[in-house]
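Below is one structure, written out as structure tokens, with a few remarks after it.
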Amino acid sequence: MSRAPTPAVGMAQERIHRHNVGTLLRHVHLGGAMSRAVLAERMGLNRSTIMALTAQLVAAGLVREEPPGGGLATADPRREEARGRAGRPSLVVRVRPNWAYVLAFDVAVDRLVAARVGLGGAVLDRREAVRPRAGADLDHVVDVLARFGRQLYEAAPADSVCVGIGASYCGMIRPGDGMVRFGPDMGWVDQAFGAELSERLGLGIPVPVGNEAHLGALAEQQRGAGVGLQNLLYLHGDVGVGGGIIVGGKLLDGDGGYGCELGHMVVNPYNGRPCGCGSHGCLEAEVGERALLDAAGRPAHLWGRDALRSVVDDADRGDESAREALRRIGDWLGIGVANLINLFNPGMVIFGGMLRDIYPGAAPQVRHRIATNVLPVARERVRLRTCALGDDSTLVGAAELAFADLMADPLATLARTRPH
């Protein structure tokens, strides 16, 4: 006679079940449509369990199943026959992107972006505005983003549901409450960004906030140039330089959540340029916006992404002063990258933000520093890439931050949400 499971065993089984439901959803959210057979293989579960998990997600409205076709991923029937199965293709599981969505916000030095991002990662709608360089501007930033967020929410289909909100900010963020502890480029110190944005949106949903480079690193690992890699470095250029490090598949965030401030690694301790953090010779001081523009002889009133791109364009056209500026910046960038490769032995270094524009012209110097200063065994496999997600790396990271609760426990998260 079988006995009912004890409460402890029942709770453990429930945790495992919730984990499996979330893991299945995460597979199709990040990897796209795939068959039950592929899901069973990837999750190490039998097909009847996959069928039961999928049925729950279908009933919840998060995924749908359909026969293979239309270019969707499916199992090879010959492989199933080889395993002693009937050979009938499995049903394909795919997300319903227009029903469950998140609001994602990206705050850079010069721009504010808001987007409605569907399950599966597609940007369904977006708003963007210029951000003036006007110092500590919390009220302005929150006003603009809250207005955009409400517009996106109200424009969503009537039967859809917002399952989370996430924001990226160009500064040091305290984990848990979205407090911007330090944002040197705009003078933000202990600004309650996440709480203020949540209150102004009025949707009853908290707004977790992440450092832009941390989120960019995760986005590139999950959806961009670093898919499939367990160890990578992401360098994000804005006015300064931020960084994200993935080690063993996880973000290296430090004891207080303020780790990976790669831009404040000192590369030029003697006669280094002053940095906004108060130090001298930091990586971002030597390779950031002002460093490049000064090296190219551009006047002080020119700044921003367009000014940086004009230097790159001039270098492409053969302007020697612009080329020399890129060589100089590339050498300092290469010193920083060489140190980081020696420290972390990544499989890839990804350049995002304004570094995506600068890197092609600076690549020879970066590669020379790697060849000269990196240990042979550490450099033999590392690849250098520009970000695959373009200027949306940090926005995509904010969206994935917003999806985190849904991926962890889909059914409980839906139970807490309210439809339009």
Side-chain angles (χ1 to χ4, degrees), residues 108-110 133-136 170-172 181-189 211-213 233-244 258-315 319-343 349 351-370 372-373:
V109 172
D110 291 329
R133 297 191 184 182
C170 50
M172 301 176 74
R181 295 302 311 279
F182 186 46
D185 294 319
M186 300 300 282
W188 280 32
V189 178
N211 170 272
E212 63 173 354
L233 296 172
Y234 173 77
L235 286 167
H236 185 86
D238 206 335
V239 172
V241 175
Y258 309 123
C260 304
E261 283 295 328
L262 309 184
H264 297 288
M265 172 177 58
V266 176
V267 295
N268 184 14
Y270 305 107
N271 301 314
R273 291 173 59 90
C275 182
C277 73
S279 185
H280 287 75
C282 293
L283 180 64
E284 76 168 46
E286 302 297 344
V287 307
E289 174 187 283
R290 197 66 250 165
L292 177 63
L293 295 176
D294 286 349
R298 304 302 161 99
H301 69 270
L302 291 180
W303 45 267
R305 195 72 173 272
D306 289 342
L308 291 173
R309 285 173 173 160
S310 73
V311 176
V312 174
D313 291 342
D314 287 349
D319 183 275
E320 189 53 39
S321 64
R323 286 185 171 183
E324 178 57 32
L326 285 175
R327 283 193 289 267
R328 178 173 178 174
I329 296 303
D331 194 45
W332 288 118
L333 181 60
I335 290 172
V337 169
N339 284 328
L340 292 167
I341 293 173
N342 279 331
L343 280 169
V349 179
F351 300 93
M354 64 94 174
L355 291 177
R356 180 168 63 98
D357 300 318
I358 292 173
Y359 175 71
Q365 282 66 41
V366 175
R367 293 185 181 279
H368 172 73
R369 281 293 180 181
I370 291 173
T372 304
N373 301 122

Between His236 and Val241, does a side-chain contact (heavy atoms from CB on, under 4.5 Å) hold up when you go through it step by step? CA-CA 6 Å; His236 185 86; Val241 175; over 6 Å; no
Under the side-chain contact (heavy atoms from CB on, under 4.5 Å) rule, what do Leu308 and Asp357 come out as? Steps first, then yes or no, please. CA-CA 8 Å; Leu308 291 173; Asp357 300 318; 5.9 Å; no
Test side-chain contact (heavy atoms from CB on, under 4.5 Å) on His280 and Cys275; report intermediate values, then the result. CA-CA 5 Å; His280 287 75; Cys275 182; over 6 Å; no
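Ion pairing between Arg309 and Glu289 fails under the 4.0 Å rule for side-chain N and carboxylate O. Of the charged side-chain nitrogens involved, none lies within less than 4.0 Å of a carboxylate oxygen, so that Asp294 and Arg328 do not count as a salt-bridged pair. In summary, Glu320 and Arg327 engage in a salt bridge, as defined by a charged side-chain N under 4.0 Å from a carboxylate O. Here Arg305 does not pair with Asp110 in a salt bridge; the nearest charged N to carboxylate O distance is not below 4.0 Å.
Scanning both residues, Gly272 and Glu286, for their nearest heavy atoms gives CA-OE2, 3.3 Å. Listed here is the closest heavy atom pair of Ala213 and Gly242: CB-C, 3.5 Å. Minimum interatomic distance between Leu326 and Leu292 (heavy atoms only, all atoms of both residues): CD2-CD1, 4.0 Å. Shortest non-hydrogen contact noted between Leu340 and Leu235 is CD1-CD2, 4.4 Å. What you find for Cys170 and Val109 is that their closest heavy atoms are SG-N, 3.9 Å. Residues Arg323 and Ala315 come closest through the heavy atom pair NE-O, 3.0 Å.
Annotation: side-chain contact (heavy atoms from CB on, under 4.5 Å) contacts of Ala362 (sequence neighbours excluded): Ile358. Partners of Ser279 by side-chain contact (heavy atoms from CB on, under 4.5 Å), not counting sequence neighbours, listed by chain and number: Val266, Cys277, Cys282.
Screening residues 329-340 for side chain to side chain donor-acceptor pair (under 3.5 Å) gives Asp331-Arg369 as the qualifying pairs, with residues at least two apart or on separate chains.
Between the CG atom in Asn211 and the SG atom in Cys260 there is a gap of 8.5 Å [rounded to 0.5 Å]. The line from CE of Met265 to CD1 of Ile335 is 9.5 Å long, rounded to the nearest 0.5 Å. One finds the CG atom of Asn268 at 11.0 Å from the CG atom of Leu283 (value rounded to the nearest 0.5 Å). In this structure, CD in Glu324 is found 10.0 Å from CD1 in Ile329, a value given to the nearest 0.5 Å.
Side-chain contact between Met172 and Val189 is absent, with no heavy-atom pair separated by less than 4.5 Å. Using a 4.5 Å heavy-atom threshold, the side chains of Trp303 and Arg133 count as touching. Side-chain contact between Val337 and Phe351: present, with at least one pair of heavy atoms (C-beta onward) separated by less than 4.5 Å.
Under the 3.5 Å distance criterion, the side-chain polar atoms of Asn373 are left unmatched by any main-chain donor or acceptor of Ala338. Although no hydrogens or angles enter the test, the distance criterion places no donor-acceptor pair under 3.5 Å between the side chain of Arg273 and the main chain of Gly281.
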